[in-house]
*Asks:* 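Encoded as structure tokens, here's the structure I'll be asking about.
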Protein chains: 2
Amino acid sequence: MVKQERAARTRRSLIHAAAEVFAEVGFVPASLGTISTRAGVSNGALHFHFANKSMLAEAVEAQATEAVRQLAETARARHGDSLQAVVDAMHELIGSLAKDVVVRAGFELAGDIARRAQSPLRQEWQRWVEESLRRAEDAGALAAGVSWKDAARVVVAVTVGLEVLGGEDASWLSRQNVTRIWELLLPLLTDRREPEALVSSGSRSSAVVSPRVQPELAQPER
Amino acid sequence: MVKQERAARTRRSLIHAAAEVFAEVGFVPASLGTISTRAGVSNGALHFHFANKSMLAEAVEAQATEAVRQLAETARARHGDSLQAVVDAMHELIGSLAKDVVVRAGFELAGDIARRAQSPLRQEWQRWVEESLRRAEDAGALAAGVSWKDAARVVVAVTVGLEVLGGEDASWLSRQNVTRIWELLLPLLTDRREPEALVSSGSRSSAVVSPRVQPELAQPER
């Protein structure tokens with residue numbers, strides 16, 4: 001393995017180990033020694049890559065933000081300016097909280113009082129939801145009398161609420177729970193003339209297709 | 001001042017100072033020295049009342065939980081088994097996050113990874129919302145096809161989301177923001193035959209009446 005590859009692999013291991021430790025104990029009590037041990041690297045190697053704990057936390061947040069951006073853009077590539085893109089992206093986001101420790105740690109760090117001012121992750125999600133619902137409104141996909149701003153307010157608050165509640169009780173993060181919420185919200189947000197066109201549980205492909213798949217392979221099979 | 005009164009006052013000062021420090025820096029970095037100095041009492045006096053920082057945090061959470069219970073019960077006393085009780089209680093809860101440091105600190109502590117397992121505050125709110133919406137359903141106040149469980153899921157997730165987002169950006173906690181959310185949700189939850197009977201901004205009295213007022217004085221003036 002060439003030197004550059006090894007360095008990149010060490011960096012990834014450190015970010016993953018840091019995410020695990022941040023998610024388990026929080027930012028302030030997390031120890032660099034625990035993180036380097038868990039990553040299987042020396043303290044010296046850790047400090048070669050990250051000058052301090054804050055820089056490690058920023059790397060975790062950056063990777064989590066990129067993961068959220070990717071899953072959201074995949075949903076948009078699949079469904080365009082429809083509400084289904086928002087439904088699928090929220091399912092993917094909540095699902096990744098349950099299975100991807102980097103995304104989970106990214107959100108935990110966003111909620112950490114000592115660090116929250118700089119967190120990019122919730123802002124990225126809010127920005128994407130607002131833009132998507134504005135596009136949906138422009139495309140005539142929102143019900144009459146519902147503004148994209150109000151819809152975004154509810155979708156963002158619900159997502160952040162699920163994320164926080166899921167940290168205490170994982171059943172909040174279940175696909176079934178998210179589906180029940182969309183079953184309640186969708187009739188409110190959508191044009192009533194075509195409610196069956198939208199799938200509260202996420203379109204079929206969103207349940208099985210990786211966010212990294214090419215958009216042209218990710219069309220619903222119907 | 002008799003000894004007992006002085007002890008009670010010292011205890012209240014310590015809880016208030018601890019709430020301020022927990023809300024500012026979080027549980028782990030909070031120092032007992034900072035808390036006793038801010039309360040204007042000696043370290044010895046602090047340790048007479050609270051054996052350690054966890055017991056102080058539990059006292060803050062207990063007082064916050066009692067404040068939430070009181071405001072929720074006041075809303076119920078005023079509006080019975082209607083959705084208006086839930087609307088008003090959510091307005092009061094979000095308002096108290098903005099103005100009462102003990103409630104704010106109670107929710108911050110609930111979100112602290114190191115402590116979250118024992119937090120009673122969100123559970124108390126969830127329990128009250130679920131019970132209130134179950135009563136509203138029994139009283140025929142929920143729209144056909146909407147179950148109290150699903151309605152509670154959304155109301156609890158939105159409340160926790162607002163609380164967390166409000167820690168980063170206080171505009172999420174504004175009365176206007178909460179009102180916009182209810183304007184979107186109420187037509188969904190209520191029986192369409194009487195939508196005007198409910199006030200998204202909270203019934204008039206909820207904006208001006210203290211949660212400690214007697215229920216018989218707290219009737220809307222209409």
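Just so it is clear, the values below take in all heavy atoms, side chains as well, and ignore hydrogens, waters and symmetry mates. Order of the sequence lines sets the chain letters (A, B, ...), proteins ahead of strands, with each chain counted from 1. Here the structure is a predicted model, which means the values were calculated and not measured.
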*Asks:* In terms of heavy-atom pairs under 4.5 Å, which option from N177(A), V154(A), V158(A), L185(A) contacts chain B the most?
*Replies:* N177(A)

*Asks:* Please flag which part of D169(A) lies under 4.5 Å from any non-hydrogen atom of chain B: side chain, backbone, both or neither.
*Replies:* neither

*Asks:* Let's go through R180(A) and K149(B) carefully: what are the C-alpha distance in whole Å and the side-chain angles of both, what is the deciding distance for side-chain contact (heavy atoms from CB on, under 4.5 Å) to 0.1 Å, and is it a yes or a no?
*Replies:* CA-CA 10 Å; R180(A) 298 297 291 158; K149(B) 274 194 184 175; over 6 Å; no

*Asks:* With the side chain counted from C-beta on, respond yes when E163(B) and V164(A) share a heavy-atom pair under 4.5 Å apart, and no when they do not.
*Replies:* no

*Asks:* Assess the residue pair W172(A) and V160(B) against the criterion (side-chain contact (heavy atoms from CB on, under 4.5 Å)); give the C-alpha distance rounded to whole Å, side-chain angles, the decisive distance to 0.1 Å, and a yes or no.
*Replies:* CA-CA 12 Å; W172(A) 282 96; V160(B) 171; over 6 Å; no

*Asks:* Using heavy-atom distances under 4.5 Å, tell me whether V25(A) contacts chain B through its side chain, its backbone, both, or neither.
*Replies:* backbone

*Asks:* Quick one: which of V28(A), L184(A), V146(A), L162(A) has the most heavy-atom pairs under 4.5 Å with chain B, could you say?
*Replies:* L184(A)

*Asks:* Which region of Q126(B), side chain (C-beta onward) or backbone (N, CA, C, O), has a non-hydrogen atom less than 4.5 Å from a non-hydrogen atom of chain A, or is it both or neither?
*Replies:* side chain

